[in-house]
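Structure first, commentary second.
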Protein chains: 2
Amino acid sequence: MTTVNALSEVAALMGDPARASMLSLLMDGRAHTASELALTAGVTAQTASGHLSRMVEANLLAARAQGRNRFYRLASSDVAHAIESLMALAGTRAAPASMHAAWRRDPDLRFCRTCYDHLAGQVGIAVTDALTKAGHIEPKGPRDWTLTDTGELFCQRIGVDVPGARRAGSRHFARQCLDWSERRPHISGSLGAAIADTFFRRGWAEKLRRSRTVRLTDSGRRAMGSHFGATLS
Amino acid sequence: MTTVNALSEVAALMGDPARASMLSLLMDGRAHTASELALTAGVTAQTASGHLSRMVEANLLAARAQGRNRFYRLASSDVAHAIESLMALAGTRAAPASMHAAWRRDPDLRFCRTCYDHLAGQVGIAVTDALTKAGHIEPKGPRDWTLTDTGELFCQRIGVDVPGARRAGSRHFARQCLDWSERRPHISGSLGAAIADTFFRRGWAEKLRRSRTVRLTDSGRRAMGSHFGATLS
DNA sequence: AGAATGGTTCGGCAACCACCGAACCATTGA
DNA sequence: TCAATGGTTCGGTGGTTGCCGAACCATTCT
C-alpha cells in the first residue's frame with residue numbers, strides 16, 4: 001500500500017532468479033508461451049505458471065490466450081525500461097575487472113541485441129549516433145527526439161514505415177532509452193521499432209532464437225557503412 | 001555472474017521490506033547512522049547491521065565510520081536513479097483508483113521532496129520548467145542540460161553557487177532525472193544540488209526530519225512566484 | 001579505570017516461498 | 001469420441017533467509 005512496500009514488492013518480484021530469467025527473455029519485446037518461459041527459467045510448467053500469474057497480477061506482464069497456448073509479454077515499455085535500469089546498476093555493481101569478464105562472456109549481446117522491440121548495443125548506438133550527426137533526428141524535450149524533414153526523407157529511402165509508426169496509438173514516437181552496456185541512449189518508441197523492423201525485413205540483421213542477441217549480416221554491415229556512415233569493429 | 005543473475009541479485013536486495021525502507025530513507029541523499037536506519041526499518045540493530053553490510057558488499061551503499069557512529073549513504077546517484085525508476089513502476093502498478101489513494105496518502109511527498117540531493121516533485125518540476133521556459137537551461141545531449149549565459153546570471157542573482165557546482169569533481173553538472181510522481185524529468189547533478197542548497201540556505205524550504213518530504217515556506221512560495229514565475233497549488 | 005553507547009558477529013529458530021508430483025481443465029487433432 | 005498437448009490448481013516438502021537473544025569489540029564520557 002504505502003510507497004515503500006510497493007517498491008519492495010516490485011523489486012522482490014524481479015528478485016527471484018526464475019522470474020528474472022523470464023523477464024530477461026521477454027526483453028526481446030516478443031510474446032512467449034508459458035512452456036517456453038518455463039524452459040529458459042529451468043523450472044517445471046507448474047512453477048512457471050505460478051510465477052507468471054503473479055507477475056500478471058502485479059501488472060509487470062500481460063497475457064494473451066491463443067488456441068491452447070498462452071502468450072506472455074511485458075506489460076509496457078515502462079517495465080522494460082525499469083529492467084534495463086536495474087541491469088545498468090548490476091553492471092556497475094562489480095569491480096571493473098570482473099565487469100570486463102562478464103562482458104567478454106557475452107560479446108555478441110553487447111554488440112547487438114533487441115531491447116523490447118528496438119535495437120540496442122553498439123549497433124543501436126551507432127544507428128542513433130548516425131541519425132543525430134546527420135541531423136535526421138534532434139532532441140525534443142527531455143526524453144524524446146523529433147524526426148526532421150531530412151530524416152523523414154532518409155527513412156523513406158531506406159524503407160522505414162514512418163506513417164505506420166506515427167499511427168501507433170498512444171505510444172511514444174521517438175523515445176530515448178538508456179543502453180545498459182553502452183550507458184548512453186539509443187532510439188526507441190514506435191520509430192525505433194520501425195527501424196529495427198527494417199533491419200530484419202531487409203535482411204540486415206536476424207534474431208537468434210531464445211535470446212535477445214541479434215546477428216548483423218554481411219549486407220547489414222555494408223548497410224551500416226553506406227546508409228549510416230558507421231564502421232563497426 | 002551472468003547478467004540475469006546479476007539482475008536478480010540486485011533486485012532481490014531491494015526486494016526485502018526492511019532493506020527497501022532503509023533505501024527509501026537514504027533517498028534523501030544524506031548519510032544516516034545504522035541505528036537510525038534500524039529504527040525506520042522496524043528491526044533490531046543486529047538485523048539492520050546484516051542488511052547494511054550486504055548492501056555495502058553489493059555496492060549499493062557506502063559506509064563511513066565517524067567516532068562510534070557508522071554512517072551509511074547511497075553509493076552513487078546511479079543507485080538513486082534505479083530506485084526512482086522502480087518507484088515509478090510501482091506507481092503504475094496499481095489500478096488508477098488505488099493509485100490516487102496512495103497519492104492522497106502522501107500529498108506532501110508528491111508536492112516537494114528531495115531526490116538524492118536535489119528537489120523533486122511538483123516544485124522540482126516547476127523549477128525545471130521555469131528555467132527551461134526562460135531559456136536559462138537548454139537540453140544538451142540526451143540526458144544533460146547546458147546552463148546558458150542568462151542562466152549563469154540568473155543563478156548568480158538568486159545565490160546559486162555555480163562555480164562550486166562546476167568544481168564538483170567527476171560528477172555530472174546538470175543532469176536530467178526522471179520524477180516518479182510527475183513522470184517528467186527534473187534537474188539533478190551538481191547544479192541541481194546547488195539549487196536545492198540555495199532553497200534551504202535562503203529559508204525557502206526546509207527538510208522534514210526522517211523523511212524525504214520538503215516543506216516550502218511562505219517566503220519560498222513568494223520566491224517561486226517572483227524568481228521563477230510559477231504558481232503552485 | 002569503569003560505565004555507557006553504538007555497532008557487529010554468532011547461533012538457533014521460525015516463517016516464507018519456490019519447487020515438484022499429481023490431478024484437473026481446455027483446446028486441438030484424429 | 002478419444003487421445004494428445006498446453007496450461008493451471010492444489011498439497012506437501014525442503015531450503016533460504018530474515019529475525020532476535022546473547023556475547024563481543026570499539027569509542028567516548030566521567
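Every value quoted in this text rests on a predicted model; they were computed, and no experiment measured them. Each chain gets a letter, A, B and so on, in the order the sequences are listed, and its residues count up from 1. The analysis underlying the following values was restricted to heavy atoms, covering all of them including side chains, and did not include hydrogens, waters or symmetry mates.
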Once you round it to whole Å, what is the distance between P of dT9(D) and CG of Leu52(A)? 11 Å
Please work out if Tyr72(B) contacts a base, only the sugar-phosphate, or nothing of the nucleic acid, heavy-atom cut-off 4.0 Å. sugar-phosphate
Write down the distance between CG (Leu13(A)) and P (dC17(C)), rounded to a whole number of angstrom. 11 Å
Distance check needed: dG7(D) P versus Met22(A) CE, whole Å only. 12 Å
Taking CZ from Arg19(B) and P from dT16(D), how many angstroms apart are they, rounded to a whole number? 16 Å
Taken to the nearest 0.5 Å, the spacing of Met27(B) CE from Leu7(A) CG works out to 9.0 Å
Within the pair Thr47(A) and dA18(C), is there a side-chain N or O less than 4.0 Å away from OP1 or OP2? no
Does Asn69(A) place a side-chain N or O at less than 4.0 Å from the phosphate oxygens OP1/OP2 of dG7(D)? yes
Heavy-atom donor-acceptor pair, Gln46(B) side-chain to dG7(C) base, under 3.5 Å: no
Under-4.0 Å side-chain N/O to phosphate OP1/OP2 contact, His51(A) with dC17(C): no
Among the nucleotides dT8(C), dG18(D), dG6(D), whichever has the atom closest to the side chain of Arg70(B) is dT8(C)
Please determine, for the side chain of Asp16(A), which listed nucleotide (dC20(C), dT28(D), dA18(C)) has the closest atom? dA18(C)
For Thr47(B) and Thr44(B), which I'm curious about, is there any donor-acceptor pair between the side chains at under 3.5 Å? yes
Which part of the nucleic acid, if any, lies within reach of Ser35(B) when heavy atoms closer than 4.0 Å are counted: base, sugar-phosphate only, or nothing? sugar-phosphate
Expressed as a whole number of angstroms, how long is the span from Arg54(A):CZ to dC19(C):P? 11 Å
How long is the line joining CG of Leu39(A) and C1' of dC19(C), in whole Å? 17 Å
Taking for each residue the nucleotide of DNA chain D bearing the nearest heavy atom, is the 5' side occupied by Gly42(B) or by Phe71(A)? Phe71(A)
Listed nucleotide nearest any side-chain atom of Thr33(A), set dC19(C), dG7(D), dC20(D): dG7(D)
Measuring from atom CG of Leu119(B) to atom OG1 of Thr128(B), what distance do you get when rounded to the nearest 0.5 angstrom? 8.5 Å
Looking at Asp117(B) and Ala196(B), what are the two nearest heavy atoms and their distance? O-CB, 3.7 Å
Whole angstrom is fine here: how far is it from CG in Leu37(A) over to P in dT8(D)? 10 Å
Listed nucleotide nearest any side-chain atom of Ala45(A), set dC19(C), dG6(C), dT8(D): dT8(D)
Classify Ser53(A) by what it touches in the nucleic acid, base, sugar-phosphate, or nothing, heavy-atom distance under 4.0 Å. nothing
Is the ring pair His186(B)/His118(B) parallel, tilted or perpendicular, if the boundaries are 30 and 60 degrees? tilted
What nucleotide among dA4(C), dT8(C), dG18(D) has an atom nearest to a side-chain atom of Arg68(B)? dA4(C)
Mark yes or no: Arg64(B) above the aromatic ring of Tyr72(B), with NZ or CZ under 6.0 Å from the six-membered ring centre and no more than 45 degrees from the axis. no
What's the closest nucleotide to the side chain of Ala34(B) if the choices are dT5(C), dT8(C), dT27(C)? dT8(C)
Using OP1 and OP2 only, check whether a side-chain N or O of Thr44(B) sits under 4.0 Å from dC20(D). yes
Can you check the Leu61(B) CG to dT8(C) P distance for me, whole Å? 12 Å
